[in-house]
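Working notes, beginning with the structure itself.
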Amino acid sequence: EAGVTQSPTHLIKTRGQQATLRCSPISGHTSVYWYQQALGLGLQFLLWYDEGEERNRGNFPPRFSGRQFPNYSSELNVNALELEDSALYLCASSKRTSGNNEQFFGPGTRLTVL
Amino acid sequence: GQNIDQPTEMTATEGAIVQINCTYQTSGFNGLFWYQQHAGEAPTFLSYNVLDGLEEKGRFSSFLSRSKGYSYLLLKELQMKDSASYLCAVREKGGSYIPTFGRGTSLIVHP
């Protein structure tokens, strides 16, 4: 069974640009979660999508947005990039009805803002 | 909200036992997770505790005390490949399925 996939692996942008990150969940998983992991910090929750809708949002500004497509894949968009947006962005998926809601993580996209 | 605290770094010797502690404060506990994350890789699920007590899985065990807001991850017969960051995450009641992660404990296993 294929795991969670993310693209691109690395992304380099300059301040003010926009970045688009992509995630494909495990087959059969309807929930997709986005996290930011900056150097020295824990995983910070960004967004949760399930069945095509945004279900929850972390404490991030509106320039962080995303969407979930009918095939449950997801995009994370970051507008007006700032230097502090440099981080590893992790996507995770889970079955919506799973009791322990175990999340399976993808390998991440390393975003560098210059 | 939640406050999750775990040591930043620990070192141990190959073959030994190490215990990584996690304390938390939450208004409504609804499960605690442990994840392992090797440098440059995705976190992988280790354990889930929702009731008090010890859950054992091979060389790894996880303990929970809800009254004390405390959990630990116990790693036995340490191997070099166990060098990684160990993340404690707590989920709250209230309909959200989103766990809040601690900053992680970096474990270094040396020969």
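Letters A, B, ... mirror the listed sequences (proteins, then strands); counts begin at 1.
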Under 6.0 Å from the [atom1] atom of [X], do we count more than 12 heavy atoms belonging to anything else shown?
{"X": "B:Arg66", "atom1": "CZ", "result": "yes"}
{"X": "B:Arg59", "atom1": "CZ", "result": "yes"}
{"X": "A:Asn71", "atom1": "CG", "result": "yes"}
{"X": "A:Leu39", "atom1": "CG", "result": "no"}
{"X": "B:Glu77", "atom1": "CD", "result": "no"}

(request) Give, for atom CD of B:Glu41 and atom CG of A:Leu88, the distance between the pair rounded to the nearest 0.5 Å. (result)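 Rounded to the nearest 0.5 Å, the CD-CG separation comes to 11.5 Å.
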(request) Drop me the distance from B:Ile98's CD1 to A:Leu43's CG, to the nearest 0.5 angstrom. (result) 12.0 Å
(request) State, yes or no, whether a side-chain contact exists between A:Phe105 and B:Phe45 at a heavy-atom distance under 4.5 Å. (result) no
(message) Quick check: do B:Tyr35 and A:Gln103 have side-chain heavy atoms less than 4.5 Å from each other?
(response)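 With C-beta onward as the side chain, the pair touches.
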(message) Counting only non-hydrogen atoms closer than 4.5 Å, does A:Gln37 touch chain B with its backbone (N, CA, C, O), its side chain (CB onward), both, or neither?
(response)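 For A:Gln37, the contact with chain B is made by the side chain alone.
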(request) Let me know if A:Leu90 has heavy atoms under 4.5 Å from chain B in its side chain, its backbone, both or neither. (result) side chain
(message) Ring centroids only, cut at 6.0 angstrom: are B:Phe101 and A:Phe45 within range, meaning strictly under it?
(response) no
(request) For B:Ala42 and A:Gly106, work out which heavy atoms get closest and say how close. (result)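 In this case the closest contact between B:Ala42 and A:Gly106 is CB-O, 2.7 Å.
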(request) Identify whether B:Val109 and B:Leu46 are in the same connected component of the hydrophobic contact network (ILVMFWY, side-chain heavy atoms under 4.5 Å). (result) yes
